[in-house]
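One structure below.
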There are 2 protein chains.
Amino acid sequence: MAATQQYVYPDQDEIRIEAVLAALADPVRLDMVRQLAQSGTEISCSGFDVAVTKSTLTHHLRTLREAGVIMGRQQGTARYNSLRRKDLDELFPGLLQGVLAARR
Amino acid sequence: MAATQQYVYPDQDEIRIEAVLAALADPVRLDMVRQLAQSGTEISCSGFDVAVTKSTLTHHLRTLREAGVIMGRQQGTARYNSLRRKDLDELFPGLLQGVLAARR
DNA sequence: GTCATTGTTCGATGGTTGTCGTAGTTCGAT
DNA sequence: ATCGAACTACGACAACCATCGAACAATGAC
């Protein structure tokens, strides 16, 4: 199922800081978040520049989604992912900014 | 060895964001950091209010120390731990603030 | 319909980690 | 010098997790 399935995203008040931190702690996922933040737009699954297989990428996207870090929009066979920046900034003001300020 | 041993702390420029995030992602460690931030002072190992055994506490303190989140000062048999707030704020401005803003 | 593209799901696997109990070490006080 | 208090170190164990390959599902194009 490449597309039809509808995912459940945590409401803003269901986002837990521990889950967000754990999601951001992995190098691959942190890189994905950086790419999302830097692009400022949506990125399709295949659009991420990461050195893992498709199935591993799906795993990371699910982790980020369930933590409340990203949202997904379906279009055709493609799924476009975007940062939940507003939700995160409201809940944890400064967190994303601080994380993204880290030198790579 | 309760005291004599000198630990090596990462220099500020050796602190990696991934390690900091992983250190903060654990509920017990996050709670310890919250206690440090709220108290504004040092807390001895036995001064933390956590529901784990001493050996587990030592493990968490080591994780926080090696990630660059805390420093330790030896005095007698006690080790006083403090937040490396200045180092973290300089490296990742807003991160600590955002994490601490999270509702418990 | 057939096929390529896109993404998910399902084991399996190896590595990491949080937890504990036990033992050991250092320091200060008696 | 003996004792207790404060931590640390080590081994063990269960749980979790990042990774992959292979198989599957849905969409769009031909």
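Lettering of chains follows the sequences in order, A, B, ..., and the numbering in each one begins at 1. Treat the numbers as computed from the prediction; the structure is a model and nothing was measured.
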List the atom pairs, with distances to 0.1 Å, where a side-chain N or O of residues 86-97 of chain A and a protein N or O form a donor-acceptor pair under 3.5 Å, not counting sequence neighbours.
residue, atom, partner, partner atom, Å
A/K86, NZ, A/E90, OE2, 3.1
A/D87, OD1, A/Q12, NE2, 3.4
A/D87, OD2, A/R84, NE, 3.1
A/D87, OD2, A/R84, NH2, 3.0
A/E90, OE1, A/Q12, NE2, 2.7

Identify each atom pair where a protein N or O and an N or O of nucleotides 21-23 of chain C are less than 3.5 Å apart, giving names and distance.
residue, atom, partner, partner atom, Å
C/dG21, N7, B/S55, OG, 3.3
C/dG21, O6, B/S55, OG, 3.1

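- At the phosphate of D/dT8, OP1 or OP2 sits under 4.0 Å from a side-chain N or O atom of B/R79.
- Taking A/R16 as the reference, nothing meets the side-chain hydrogen bond (donor to acceptor under 3.5 Å, both in side chains) condition, with sequence neighbours excluded.
- Applying the salt bridge (charged side-chain N to carboxylate O under 4.0 Å, His left out) test to pairs two or more places apart or on separate chains, none has a residue in residues 45-60 of chain B.
- Taking 4.5 Å as the limit, some side-chain heavy atom of A/R62 sits within range of a side-chain heavy atom of A/H59.
- Near DNA chain D, meaning a heavy atom under 4.0 Å away, the residues from residues 22-48 of chain A are A/D26, A/V28, A/R29.
- With sequence neighbours left out, the side chain to side chain contact (heavy atoms under 4.5 Å, CB included) criterion links B/A22 to A/A25.
- The salt bridge (charged side-chain N to carboxylate O under 4.0 Å, His left out) analysis of residues 20-35 of chain A, with sequence neighbours excluded, yields the pairs A/D31-A/R104.
- Looking at residues 58-68 of chain B, you'll see B/H59, B/H60 sit with a heavy atom under 4.0 Å from some atom of DNA chain C.
- As rounded to whole Å, 8 Å separates atom P of D/dT8 from atom CG of B/L57.
- Using Watson-Crick or G-U wobble geometry with both donor-acceptor distances under 3.5 Å, C/dT19 finds its partner in D/dA12.
- Using a 4.5 Å heavy-atom threshold, the side chains of A/R73 and A/N81 count as separate.
- A/T53 meets the side chain to side chain contact (heavy atoms under 4.5 Å, CB included) test with A/S55, A/T56; sequence neighbours excluded.
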Verdict with supporting geometry, A/E18 and A/L21, side-chain contact (heavy atoms from CB on, under 4.5 Å): CA-CA 5 Å; A/E18 294 92 343; A/L21 291 171; 5.9 Å; no
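- The shortest side-chain heavy-atom distance between B/Y7 and B/M71 does not fall under the 4.5 Å cut-off.
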Pairs under 3.5 Å (N/O, protein and nucleotides 28-30 of chain D):
none

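- Atom CD in A/Q74 sits about 8 Å away from atom P in C/dT8, given to the nearest Å.
- Counting non-hydrogen atoms of neighbouring residues, nucleotides and ligands closer than 6.0 angstrom, the CD atom of A/E14 exceeds 12 such neighbours.
- C/dT5 atom C1' lies 12 Å from atom OH of A/Y80, rounded to whole Å.
- Rounded to whole Å, atom P of D/dA26 lies 12 Å from atom OH of A/Y7.
- Listed by chain and number, the residues in a side chain to side chain contact (heavy atoms under 4.5 Å, CB included) with A/S46 are A/S44 (sequence neighbours excluded).
- Residues passing the side chain to side chain contact (heavy atoms under 4.5 Å, CB included) test with B/S39, sequence neighbours excluded: B/T41, B/I43.
- Taking atom CZ of residue A/R73 and atom C1' of nucleotide D/dT27, one finds them 15 Å apart after rounding to whole Å.
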